[in-house]
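Below is one structure; the comments refer to it alone.
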Amino acid sequence: MQKNLVIVESPAKAKTIEKFLGEDYKVLSSYGHIRDLKKKDFSIDVEKGFEPTYEIPSDKKKLVGELKAAAKNADMVWLASDEDREGEAISWHLYEVLELDPKRTKRIVFHEITKTAILKAIETPRDINVNLVNAQQARRILDRIVGFELSPILWKKVKPALSAGRVQSVAVRLIVEREREVHAFVSEPSYRVTAIFEAPDADGNKTEVRAELDRRFKTKEEAQAFLELCKDAEFSIEDITTRPVKKSPAAPFTTSTLQQEAARKLGFTVAQTMMVAQRLYESGQITYMRTDSVNLSDLALAACKSTVISLMGERYVKTRQFATKTKGAQEAHEAIRPTDMSNETIAGTSQEQRLYELIWKRTVASQMAEAELEKTTATISISNSEETFVAIGEVVIFDGYLRVYKESYDDDNEQEDESRLLPPLSKGQSLESKEISATQRFSMCPPRYTEASLVRKLEELGIGRPSTYAPTISTVQQRGYVVKGNSEGVKRPYEILKLKGNKITETVKTETTGNEKSKLLPTDVGIVVNDFLMAFFPEIMDYNFTASVEKEFDEVAEGEKEWTSVMKNFYDGFHPLVDKTMNAKSEHKVGERILGNDPVSGKPVSVKIGRFGPVIQIGIADDEEKPKFAHLPKGLSIETITLEEALDSFKLPKTLGEYEDKTVTVGVGRFGPYVRHNNVFVSIPKGEDPMEVTLEKAIEMINAKREAAEKKIIKTFDKEPDLQILNGRYGPYIAYQKKNYKIPESVEPKDLNLETCFKVIELQKEKSETRKRVAAKKKK
DNA sequence: CAGTGAGCGAGCTTCCGCTTGACTT
């Protein structure tokens, strides 16, 4: 008979705790929730007070059996799931499913994995908090109602297999609205004036002082007039002030801030960060990676302190605890930190090493002294103008935490480096102007969301949890609401007026603007679904919806409200809207736009979301003659497409003429525009308009492809028609039974015979297999 | 990585949060 059984949520945690507790304790893990609403059914009986039907998912049955057996054999079962709403519910489900004896069951909690914390928890057990469990049930059931009542409306009204939910639909809304802001944005030009002055430095040598005018000019004329003035102006220091500035380190990592910094500093996707962090956690190198807490244990604080002292000295230490600002944070765990601060680096893959070092630095820096800077501001007056130039110099007096870690910002490339040193200057001193220029600048539109900046925004709104940020981003992409894409920038000219000596010169340069990589863009389906939900379910789509229901869940947790009355209140408002929307008949399909009439047939031309995505349609379904359909051309949206653009899509495929007695046609296929001749497809190069391709041009392309094909075949064998030596994009290779094998550089491809070919194939096969094996080993 | 060039026709799809492996690519 085992004396004590402790059940926690995570197996890695179980392993650590077992070490602390000694041999009287066996520690097992529940691997998260063991029971949930049925996967396929609605599973909520609204009539019977929202009674849920729970089930143990099939992949959890074996585990539950094992836990049950272990519980039977123990004198005392300690339910040690996390100290938050979900954790409390896990304990309650365990209690019910394992049919635990109340006399031999205790509930304990700890939010840091240290020996003292755990021993203390064992000494102060409590009962399961039913109110907290009910708050979780309310949360779960509300999410199921929203998801399972809204999604079928979308299947009927928009497209099958779509989904809506409290979290995902708001995430899509953010992206749709940002895209509209970007499109509505009109950039305003202005002229920014900068000057380079000269002043003697400490040794009497001339050094540059860079300064910026305190205002920008709206028009070129104003800028020009100002430069004219500067021709005969004298410049002198009007005022000079120096003040100390302190900078404090950022708090240790939570899931959200780790995802943001790993994206900015290491270029990781949100999912990548979580995968690498999971491995670090499982190998015991960092604390739990799904957390909303910035708290560090006393043990960790002490470890940081001694690390800082030993590496940098007493002066760099400043122990501090951060407070969570996040809405709805539950703080069941510590912040994300190394488990052993003395490991500055670790062994592992390069990704693991880089993420670990990021976590190590952030943690250490959070326990270091402020950086002390001295900021000098010099205002420079102009003898014949009211304007002033401002020169800023910054000197680091004491680097403090900056020695270890500097937080990044999304717009880092926009920030100019201000940390310049100014030469000694005194009030009244006159300066020589070397060059003054007015550069045309344009106001910037708000940036589109990246994965990481979307997570930050969701967290700010209190929507979603650390465990769901990454899955939410993947869901909205899987449903086809959002794509990750690059928006190509456009080239824009800008003017520079420069005053040097006594001459003003004017030059025009070009810059690329709006070039954004790997940003989240809404699709047509995303836009239509969002507008539909916004029109019919504004409450759910409200950015404050989650925050307001969370407040009610908190009241349930505090025992101030019944969870069923919270549910009833919500459902009575929500469900009638569902019925009404589902049964509403409308003239047009959701998201449909009528563009006008087809000049040839006179029939209406419309765009909408079809069964397989956005389509253009000429005519209507009830007509005797079936309507004509075409897919929306790439890069166009049903929101903005014009009648002309829509009609263009029906002009292809078109016949150009005859070549070698076979017709030549142009069309647009899955992989872009093509020329077709004798069932051979030739891709039309990027950037060329298929509508502009003439017969001559098409024949040229066909012949060019033939030539390339001839060059492609280096050698064939009569005995083995399956095997060919070919010339590809990446050099010569052997094609054999649908697979390709690289030919080593040391071999002349023409000299290969069948036997040697097979040798090459064998060699390549072996190579790829050992590579696979190595990769598999690394995983473990 | 090495080439590709469609067009449904029944029945199913779906939520959020807690946790890892066992599967393919």
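- The phosphate of dC15(B) (OP1 or OP2) has a side-chain N or O of R479(A) nearer than 4.0 angstrom.
- A side-chain donor from one of Y281(A) and S10(A) sits under 3.5 Å from a side-chain acceptor of the other.
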Given the rule in the side-chain contact (heavy atoms from CB on, under 4.5 Å) test, do V6(A) and K26(A) qualify, once you have shown the distances and angles that lead to the verdict?
CA-CA 6 Å; V6(A) 181; K26(A) 185 180 174 71; over 6 Å; no
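- Look at T468(A) and you'll find a side-chain N or O under 4.0 angstrom from OP1 or OP2 of dG17(B).
- With a 6.0 Å cutoff to the six-membered ring centre and a 45° limit on the axis angle, R479(A) does not count as a cation-pi contact of Y481(A).
- Using a 4.0 Å heavy-atom distance criterion, D82(A) is classed as a sugar-phosphate-only contact.
- Stretches of at least 3 consecutive Watson-Crick or G-U wobble pairs, with each checked distance under 3.5 Å, do not appear in DNA chain B at all.
- As rounded to whole Å, 14 Å separates atom P of dA22(B) from atom NZ of K60(A).
- In this model, the phosphate group of dC16(B) is not approached by any side-chain N or O of R139(A) to a distance below 4.0 Å at OP1 or OP2.
- Under a cut-off of 6.0 angstrom, the local environment of NZ in K662(A) is sparse, with at most 12 non-hydrogen atoms contributed by other residues, nucleotides or ligands.
- The side chain of Q136(A) contributes no N or O atom lying less than 4.0 Å from OP1 or OP2 of dG17(B).
- Atom NZ of K568(A) has 12 or fewer neighbouring heavy atoms from other residues, nucleotides or ligands inside a 6.0 Å radius.
- The aromatic ring of F148(A) sits over the base of dT14(B), with ring centres less than 5.5 Å apart and planes tilted by under 30°.
- Ring-to-base geometry does not place W155(A) in a stacked arrangement with dT14(B) (centre distance under 5.5 Å, plane angle under 30° required).
- Where K13(A) and P152(A) each meet DNA chain B at their nearest nucleotide, the meeting point lying more 5' is that of P152(A).
- Considering H93(A), E86(A), R140(A) in turn, E86(A) is the only one that fulfils the side chain to side chain donor-acceptor pair (under 3.5 Å) rule with H33(A).
- Between the side chain of R140(A) and the base of dC15(B), at least one donor-acceptor pair of N or O atoms lies under 3.5 Å.
- Aromatic ring pairs are classed by plane angle as parallel below 30°, tilted from 30° to 60° and perpendicular above 60°; the pair H333(A) and Y288(A) is tilted.
- Counting non-hydrogen atoms under 4.0 angstrom, F42(A) reaches nothing in the nucleic acid.
- Within residues 158-165 of chain A, the residues having any heavy atom closer than 4.0 Å to DNA chain B are, in order of number, P160(A), A161(A), L162(A), S163(A), A164(A), G165(A).
- Nucleotide dC18(B) holds its C1' atom 6 Å from the CD atom of E86(A), rounded to whole Å.
- Residue Y674(A) has no polar side-chain atom (N or O) positioned under 4.0 Å from OP1 or OP2 of dT4(B).
- dA22(B) atom C1' lies 11 Å from atom CG of D59(A), rounded to whole Å.
- Counting non-hydrogen atoms under 4.0 angstrom, Y469(A) reaches nothing in the nucleic acid.
- Checked against dG5(B), dA6(B), dC12(B), the side chain of K40(A) finds its nearest nucleotide in dC12(B).
- Of the two residues contacting DNA chain B, namely K38(A) and D84(A), the nearest-nucleotide position lying further toward the 5' end is that of K38(A).
- A close approach under 4.0 Å does occur between a side-chain nitrogen or oxygen of S467(A) and OP1 or OP2 of dC18(B).
- Under 3.5 Å, the side chains of Q351(A) and T349(A) contain no donor-acceptor pair of N or O atoms.
- Applying a 4.0 Å cut-off to non-hydrogen atoms, none of the residues of residues 538-553 of chain A approaches DNA chain B.
- In terms of phosphate contacts, R85(A) brings no side-chain nitrogen or oxygen within less than 4.0 Å of OP1 or OP2 of dC16(B).
- Heavy atoms of V167(A) sit under 4.0 angstrom from primed sugar atoms or phosphate atoms, though from no base atom.
- Residue T475(A) is classed as a sugar-phosphate contact, given heavy-atom separations below 4.0 Å to backbone atoms only.
- Contact check for Q136(A) versus F553(A): no side-chain heavy atoms found under the 4.5 Å cut-off.
- When the nucleotides dC18(B), dG17(B), dC15(B) are ranked by their closest atom to the side chain of R144(A), dC15(B) comes out on top.
- A cation-pi contact, defined as under 6.0 Å to the ring centre and within 45° of the axis, links R173(A) to Y543(A).
- No side-chain N or O of S151(A) forms a donor-acceptor pair with one of S163(A) less than 3.5 Å apart.
- Across all strands shown, S10(A) has heavy atoms under 4.0 Å from sugar-phosphate atoms exclusively, and none from any base.
- With dC15(B), dC16(B), dT19(B) as the candidates, the nucleotide lying closest to the side chain of R166(A) is dC16(B).
- Residue R465(A) places at least one side-chain N or O closer than 4.0 Å to OP1 or OP2 of dC18(B).
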Trace of the ring-ring contact (aromatic ring centres under 6.0 Å, His included) decision for F574(A) with F537(A)
CA-CA 8 Å; F574(A) 176 72; F537(A) 299 94; 5.8 Å; yes
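- Atom CD of E66(A) and atom P of dG21(B) are 13 Å apart (whole Å).
- Taking atom CG of residue L67(A) and atom C1' of nucleotide dT19(B), one finds them 13 Å apart after rounding to whole Å.
- The side chain of Q168(A) approaches dC15(B) more closely than any other nucleotide in the set dC18(B), dT20(B), dC15(B).
- Backbone-only contact: Q278(A) has heavy atoms under 4.0 Å from sugar-phosphate atoms and none from a base.
- At a threshold of 4.0 angstrom between heavy atoms, the contacts of G464(A) are confined to the sugar-phosphate backbone, with no base atom among them.
- Using a 4.5 Å heavy-atom threshold, the side chains of R279(A) and Q285(A) count as separate.
- Of the N and O atoms on the side chains of E9(A) and S29(A), not one donor lies less than 3.5 Å from an acceptor on the other residue.
- The side chain of D36(A) sits closest to dC16(B) out of dC16(B), dG5(B), dG21(B).
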